[in-house]
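After the structure tokens below, expect a handful of questions from me.
What's counted below: heavy atoms across the whole structure, side chains too, no hydrogens, waters or symmetry copies. Predicted model only: the values in this text are computed from it and were never measured.
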Protein chains: 2
Amino acid sequence: MTQLDLTPGQALKLWHEVAMGLVHGENRDLNLRQLAILLTIYLETPPHTVRGLAKQLNVTKPVITRALDSMGQHKLVERRPDERDRRSIVIRRTVEGALYLEQLADLIVNKAHEQNRHV
Amino acid sequence: MTQLDLTPGQALKLWHEVAMGLVHGENRDLNLRQLAILLTIYLETPPHTVRGLAKQLNVTKPVITRALDSMGQHKLVERRPDERDRRSIVIRRTVEGALYLEQLADLIVNKAHEQNRHV
DNA sequence: CTCGCACGATACGGTAGCGAAACAAATTCG
DNA sequence: CGAATTTGTTTCGCTACCGTATCGTGCGAG
């Protein structure tokens, strides 16, 4: 398995490069909180609900609702009713969301590789 | 020199962990854009001016002015007049800003090391 | 000396996000 | 059944940012 060893300097530089890449791109949506929500949905084991996400991220429920609204408009996630308990909804992944995170991963990986050349 | 090799999965997981750390912890209201500005000031070679930062980040000048306002309130950066050209100002680093980024670097490094254990 | 230009700051109108509180609907429990 | 609880949403008042346009000041060419 690839070991992940970073010096503090490398860490900041990597974060800088990626942040610059996101800012440069048309990433005008998706705030840091919303990105954290999106990543939780895609990386943690389902099912995901509003209250569950609110608890994991230590934010209030309306924050999740609003994040789902905006991310739903971009089709990055999908809301489905929970058949077992109709008070709840289940947040599901979408093809578009997976693609979006794939691009983010590529950005990070590429910036990390760039550092190897420059150092 | 430490090589920096990341799989896409590792990249997303790392970004997720760090984003969660920032969201969960006391986020200093620093926007992704503002963080990019702060990192540019600390990682790129000085001197830094409003117009220069605006160009590097591909944003308008008021964005820089406002970011300097809020970061200045937190003492993360400092404005100084440019003696050679009094129309310009020079943005300088502060002890508090360096400390803040040091903590950010630690967060990233720690999350990266945690991944080695879990994988 | 004057006029145009460059620099950073500000005004303005608009959008989006926030927390607290109130809300409707579904479930649970007495 | 009916009351209390849970779940997600909405409302309300507020703050933070944004981009465009404009301003005040300092510089510099003519």
| A/Leu53 reachable from A/Val90 in the ILVMFWY side-chain graph, under 4.5 Å edges |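 Result: no, two separate clusters.
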| Which of residues 81-91 of chain B sit near DNA chain D, with a heavy atom under 4.0 Å from it? |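 Within this stretch, B/Asp85, B/Arg86, B/Arg87 sit under 4.0 Å of the strand.
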| message | Are the side chains of A/Leu22 and A/Leu104 in contact, using a 4.5 Å heavy-atom criterion? | response |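 Side-chain contact under 4.5 Å: yes.
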| Under 4.0 Å between a side-chain N or O of B/Gln34 and OP1 or OP2 of D/dA16? |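 For B/Gln34, the contact criterion (side-chain N or O under 4.0 Å from OP1 or OP2 of D/dA16) is not met.
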| field | For A/Asn31, all residues meeting side-chain contact (heavy atoms from CB on, under 4.5 Å), sequence neighbours excluded | value |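 A/Asn31: side-chain contact (heavy atoms from CB on, under 4.5 Å) contacts with A/Arg33, A/Gln34.
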| Does anything in residues 56-63 of chain B reach DNA chain D, meaning a heavy atom under 4.0 Å, and if so which residues? |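 Correct list: B/Thr60, B/Pro62, B/Val63.
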| message | Going by side-chain contact (heavy atoms from CB on, under 4.5 Å), name the residues that satisfy it together with B/Arg66, two or more places apart in sequence or in a different chain. | response |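 B/Arg66 satisfies side-chain contact (heavy atoms from CB on, under 4.5 Å) with B/Pro62, B/Val63 only.
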| query | Would you say the base of D/dG19 and the side-chain of B/Arg66 have a donor-acceptor pair closer than 3.5 Å? | reply |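 Under the 3.5 Å cut-off, the side chain and the base do form a donor-acceptor pair.
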| Using a heavy-atom cut-off of 4.0 Å to chain A, what are the terminal contacting nucleotides of DNA chain C, in 5' to 3' order? |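 That gives a stretch of C/dG17 to C/dT27.
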| field | Rounded distance [0.5 Å steps], CG in B/Leu12 versus CD in A/Glu102 | value |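 One gets 9.0 Å once the value is rounded to the nearest 0.5 Å.
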| query | Can you check the A/Arg80 CZ to D/dT7 C1' distance for me, whole Å? | reply |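 To the nearest whole Å, that distance equals 19 Å.
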| request: Drop me the distance from B/Ile64's CD1 to B/Lys61's NZ, to the nearest 0.5 angstrom. | output: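 One gets 11.0 Å once the value is rounded to the nearest 0.5 Å.
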| query | Who passes salt bridge (Lys or Arg N to Asp or Glu O under 4.0 Å) against B/Arg51, sequence neighbours left out? | reply |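 Checked B/Arg51 against salt bridge (Lys or Arg N to Asp or Glu O under 4.0 Å); zero matches.
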| field | Between P of D/dA16 and CG of B/Leu32, the distance in whole Å | value |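 My rounded result for the distance is 19 Å.
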| For the pair made of NE2 in B/His74 and C1' in D/dA16, what is the distance, rounded to whole Å? |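 Atom NE2 in B/His74 sits about 11 Å away from atom C1' in D/dA16.
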| message | Tell me every residue that passes salt bridge (Lys or Arg N to Asp or Glu O under 4.0 Å) with B/Asp85, counting only those two or more places apart in sequence or in another chain. | response |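 Here the qualifying residues are B/Arg87.
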| Contact check, side chains of B/Tyr100 and B/Leu38, non-hydrogen atoms, under 4.5 Å |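 Yes, at least one pair of side-chain atoms sits under 4.5 Å.
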| Heavy atom of residues 36-53 of chain A under 4.0 Å from DNA chain D: which residues? |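 Output list: A/Thr49, A/Val50, A/Arg51.
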| task | Please name all residues satisfying side-chain contact (heavy atoms from CB on, under 4.5 Å) with A/Ala36, sequence neighbours left out, ordered by chain then number. | result |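 Scan of A/Ala36 (side-chain contact (heavy atoms from CB on, under 4.5 Å), adjacent residues dropped) gives A/Leu57, B/Ala19, B/Met20, B/Val23.
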| field | B/Leu68 CG - D/dA16 P separation (whole Å) | value |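 About 17 Å, once rounded to whole Å.
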| Angle of first-five versus last-five pair axes in the helix from C/dC1-D/dG30 to C/dG30-D/dC1, to 10 degrees |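 Roughly 10° between the end axes, to the nearest 10°.
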Donor-acceptor contacts, no H, no angles, side chain residues 71-83 of chain A, under 3.5 Å, sequence neighbours left out:
{"residue": "A/His74", "atom": "NE2", "partner": "A/Asp29", "partner atom": "OD2", "Å": "3.4"}
{"residue": "A/Arg79", "atom": "NH2", "partner": "A/Asp69", "partner atom": "OD1", "Å": "2.3"}
{"residue": "A/Asp82", "atom": "OD1", "partner": "A/Arg84", "partner atom": "N", "Å": "2.9"}

| said: Any heavy-atom pair between the side chains of B/Trp15 and A/Val18 that's under 4.5 Å? | reply: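 A/Val18 reaches B/Trp15 side chain to side chain.
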| said: Side-chain N or O of A/Asn31 versus OP1/OP2 of D/dA16: is the shortest distance under 4.0 Å? | reply: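 Checking D/dA16 against A/Asn31, no side-chain N or O comes under 4.0 Å of OP1 or OP2.
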| field | Which atom of B/Val50 lies closest to which atom of B/Thr65, heavy atoms considered | value |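 Residues B/Val50 and B/Thr65, closest heavy atoms: CG1-OG1, 4.2 Å.
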| task | Spell out, yes or no, whether B/Val109 and B/Leu99 are grouped together once hydrophobic residues are joined by side-chain heavy atoms under 4.5 Å, including indirect joins. | result |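 B/Val109 and B/Leu99: separate clusters.
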| query | Distance from A/Lys111 atom NZ to A/Ile108 atom CD1, nearest 0.5 Å? | reply |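 Reported to 0.5 Å precision, the distance equals 11.5 Å.
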| query | Got a sec, which residues hit side chain to side chain donor-acceptor pair (under 3.5 Å) with A/Thr40, two or more places apart in sequence or on another chain? | reply |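 Checked A/Thr40 against side chain to side chain donor-acceptor pair (under 3.5 Å); matches are B/His16.
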| query | When the distance from NZ of A/Lys55 to P of D/dT6 is rounded to whole Å, what number comes out? | reply |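 Going from A/Lys55 (NZ) to D/dT6 (P), I get 12 Å.
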